[in-house]
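What follows is a set of notes on a single structure, which appears directly below.
In what follows, every chain begins at residue 1, and chains take the letters A, B, ... in the order their sequences are listed. Everything numeric here is computed off the predicted structure, so don't read it as measured data.
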Amino acid sequence: MLDEYAPHKFEEKMRKKWEELKLHEFDEKSKRKVFIIDTPPPFPTGEFHIGNTLNWCYMDFVARYKRMCGYNVLFPQGWDCHGFPTEVKVEKKYGRLPREQFKEKCLEWTRDVISTMKPQMKEMGFSIDWRQEYYTIDKEYHRKVQYSILKMFEKGLVYRSKHPVLWCTCCGSAIAKAETDEIERETALNYISFSCEGKPLVIATTRPELLHACVAVLVNPEDGRYKQLHGKTAVVPLFNREVKIIPDSEVDPSFGTGIVMVCTFGDKQDVTWSYRHNLPVIEAMDGRGKLLNAGKFTGLKAELAREKILEELNLLKLITKKEKLKQMVKIHDRCKRPVEFLNSAQWFMKLKGHEEEIMKAANEMRWVPSHTIQLLIDWCRGLEWDWCFSRQRIFGIPIPFWYCEKCDCVIAPGYPNLPVDPARDKPPVKNCPKCEGKLIGETSICDGWVDSSITPLVIGGWPDDEKKFTALYPSSLRPQGTDIIRTWAFYTIYRCLMLTGKPCFKDVLINGMVCGSDGKKMSKSLGNYVEAKDVIKKSSVDSLRMWAALSGSTGKDNIFYWKDVNYAHSFLNKLWNASKFIEFSLKESDGGKQKLRVTDRWILSRLNKVVETCTNAFENYDFYTAITTFTEFFWHEFCDYYLEEVKHRLYQPDKYGTESRRAAQSTLKTVLLTSLKLTAPFAAYTIDELYQQLFSKEESIHAESWPKEDKKMIDEESEQNAMLLNKVLSEIRKFKMSQKLSLNTELSSAKIKVEKPEQLDSVKEEIEAAGRIKKIEISKGEFKVELKK
RNA sequence: GGGCUCGUAGUCGAAUGGUAAGACGUCACCCUGACACGGUGAAAACUCCCGGUUCGAUCCCGGGCGGGCCCACCA
């Protein structure tokens, strides 16, 4: 017999059972249709937070649902290990170490962290096939990533070129955008007089030290003051160089004088303008912040050069005005010094020119919710330049090339030699085949998105097993957050398309961000943080899983509310107790003849409609609809009404007939079993415990098949009659409340008026028994129920 | 500043071209042979504002205002 509901008692036991039954294992030999989930490889941070929880719950709902539908589900799990946050943590702990030693420490740290995250994921009951685990730090994974780069290189999609990168002149290194902070500071806006056809042309700038690198002057095309300047040239003071005056709509006419000087490179905007107008590049400073190509100012540090240049401009009376200006400046988070843009040799993947193909591939996928594809489309349309994927860091996959010191010729390794580390390994040939120049091994590593943008290929067995790959590509589902559409989704679609010529997913399921009670994205710094393990401790894993479905419709940002968790727990408790009641009621059941009553037909009809709604909802990844449709039905129709209306038949077979009792028993059993199936993907532990205790000791509900709606069971007439019955019972309950009577008080008589009295003919027994009425009179008229004590 | 998205009872949150589910919270009553982690009821919403289309809009269109997410941030 069922005990009290205590989920913590059976969670672990159930996990072991699933493992024994190998429920989550993908069957490579099976001929069943496959369903492949391109699981996100999380970055190992040590904690599986509630945002991850939502994301993985969605995947697990799908995985469990699809298995019940008969699919052979591939639910792998990867770890996206490389990245600068790890480097930062390791450096903090050990200080600066030699390259190889530093890498070792990063690996150690990563393994530690994964070993704390994995148990959390197992505890959540995610039905991952852990045999399909992969790590981006593995040699094999390195090999595949480098293989993909080589393939793209062969297709002319990878090249080395000079490009502006974020650079810290204090540390003498390129840095990633994620390593920057922003501060507000006050600076001077200098109005400097250029000249055009002998007349002065005043330009406001905060960077006079970049005057020597000025390559163009821009005005807004709509700005009436400067229309006559379009196409003319301006002369840069001190350096006496002529630069073009170009119209560009991104120039703000209200800032300064409405004229901008473009330098290579003052800021991100300069980079954009340089590319857009194909401007020449003048390298303004070296890696330590000393001016280059600046005449007599060459070699001076930028700050000093600024003073000298301003001094000289002042002497020449070329500064017409000075204003104070507050500005936001990007600084390097480690040394807190402002960041510059510096031209340096980097590696690129060709994006420009492929936008249309990428959008076409994306359009062939089903995006849920559908509007989320727009983020990707906008991103494609706004692409300004190719993807600079090289990083001057240590912990990552090496870019597998050597290049000639003299002629920049690129040497690639042979495929059988992968993976390589050109920083350490010898090149395949001694010298440059073109000019005999010395070959230099690339020391840069790949951007982390290079690693993670081939996951649909890797889980499909690419590039080694063609037969397997044909069967396992594209992935059926890519589940991910809305925050990384422009990165993970975008790069994956692009790279897989370039490598295979085919779109990499069928469906893309986008989940929203989990927010704190203040409506903002949950983060430790905002203090609006709730930890998954606290929820589990205070409630249960299943409540947390159900919360993921209850917290709002798919794709929306959802705020974490304890009330959703509590509701989930109450519901599961209710389901548990209803099961207990049914278990007891089925005790003395035999297989004899049955006679269904209207209430049975009503609840079975409703059940079949619920099955249909839930199935459709699952097909559309609409977990909210699935769970709420079900809970509403089970709690407020099945428990609140049906169970009350059936008790008399169970308790008094002598009075109401054994055939009626058998019908009640079989209906209860059908509704319960179907209900358990419908909720199994959500409350995986609780439902399986109920299933095993009530229906099958040996098996698991997760190996059962998903219910199919039976159209023959839809019975509108019985539904209508039962609704009327429920309305009458509600009136009886109201009356008892108003008289402060308990609901089991017996009433002497009821006079019921309804428009169609014949509707109540078949449910008179229920009114009598569930309403506890001695004598009932039914007549035709406007709906009314008169009761006597 | 740009894109996307949302704006419905105290708090959440569905639905719909004809004035609106459900949950939490509140209040009242009920320990009825599954469940007090329960039951039955009650109170509580001019569906953000202004226009337009329509016989009629919360739902459609336009314009505001205000959240959120992502991106770009100003020479």
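- Annotation: C30(B) and C46(B) have their P atoms spaced 33 Å apart (nearest Å).
- Residue I358(A) holds its CD1 atom at 6.0 Å from CG of L351(A), rounded to the nearest 0.5 Å.
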Given ring-ring contact (aromatic ring centres under 6.0 Å, His included), test F560(A) with W547(A) step by step and report yes or no.
CA-CA 9 Å; F560(A) 177 86; W547(A) 160 82; 5.3 Å; yes
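- With rounding to the nearest 0.5 angstrom, the CZ atom of F735(A) is 12.5 Å from the CG atom of L743(A).
- Nucleic acid contact class of H371(A) (heavy atoms, under 4.0 Å, all strands): sugar-phosphate only.
- Contact annotation: S730(A) reaches the phosphate of G41(B) (side-chain N/O to OP1 or OP2, under 4.0 Å).
- The separation of C37(B) from G7(B), taken at their P atoms, amounts to 35 Å, rounded to a whole angstrom.
- For the pair E250(A) and E731(A), both in contact range of RNA chain B, the more 5′-proximal nearest nucleotide belongs to E731(A).
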Reading 5' to 3' through nucleotides 24-34 of chain B, protein heavy-atom contacts under 4.0 Å coded B for base, S for sugar-phosphate only, - for none
S----BS-BBB
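- Straight-line distance between the P atoms of C69(B) and C61(B): roughly 26 Å, to the nearest whole Å.
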Begin with the C-alpha distance, continue with both residues' side-chain angles, and end with the deciding distance and a verdict on side-chain contact (heavy atoms from CB on, under 4.5 Å) for L201(A) and I245(A).
CA-CA 11 Å; L201(A) 189 68; I245(A) 301 172; 4.1 Å; yes
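- Going from atom CG of L690(A) over to atom CD of E583(A) covers 9.0 Å, rounded to the nearest 0.5 Å.
- The pair R276(A)-E250(A) meets the salt-bridge criterion, with a side-chain N (NZ, NE, NH1 or NH2) lying under 4.0 Å from an Asp/Glu carboxylate O.
- When each of Y58(A), F618(A), Y624(A) is paired with F682(A), the ring-ring contact (aromatic ring centres under 6.0 Å, His included) condition holds for F618(A) and for no other.
- Going from atom CG of L544(A) over to atom NZ of K538(A) covers 12.5 Å, rounded to the nearest 0.5 Å.
- The 5' end of RNA chain B is approached more closely, in terms of each residue's nearest nucleotide, by W379(A) than by the other of W379(A) and W273(A).
- Counting atom types as modelled, D252(A) pairs a side-chain N or O with a base atom of C74(B) as donor and acceptor under 3.5 Å.
- Both the sub-6.0 Å distance and the 45° axial angle are not jointly satisfied by K609(A) relative to the ring of F633(A).
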Can you give the dot-bracket line for RNA chain B, using ( ) for pairs inside the strand, [ ] for pairs that cross earlier ones, | for pairs with another strand and . for unpaired bases, where Watson-Crick and G-U count if both distances are under 3.5 Å?
(((((((..(((.........))).(((((.......))))).....(((((.......))))))))))))....
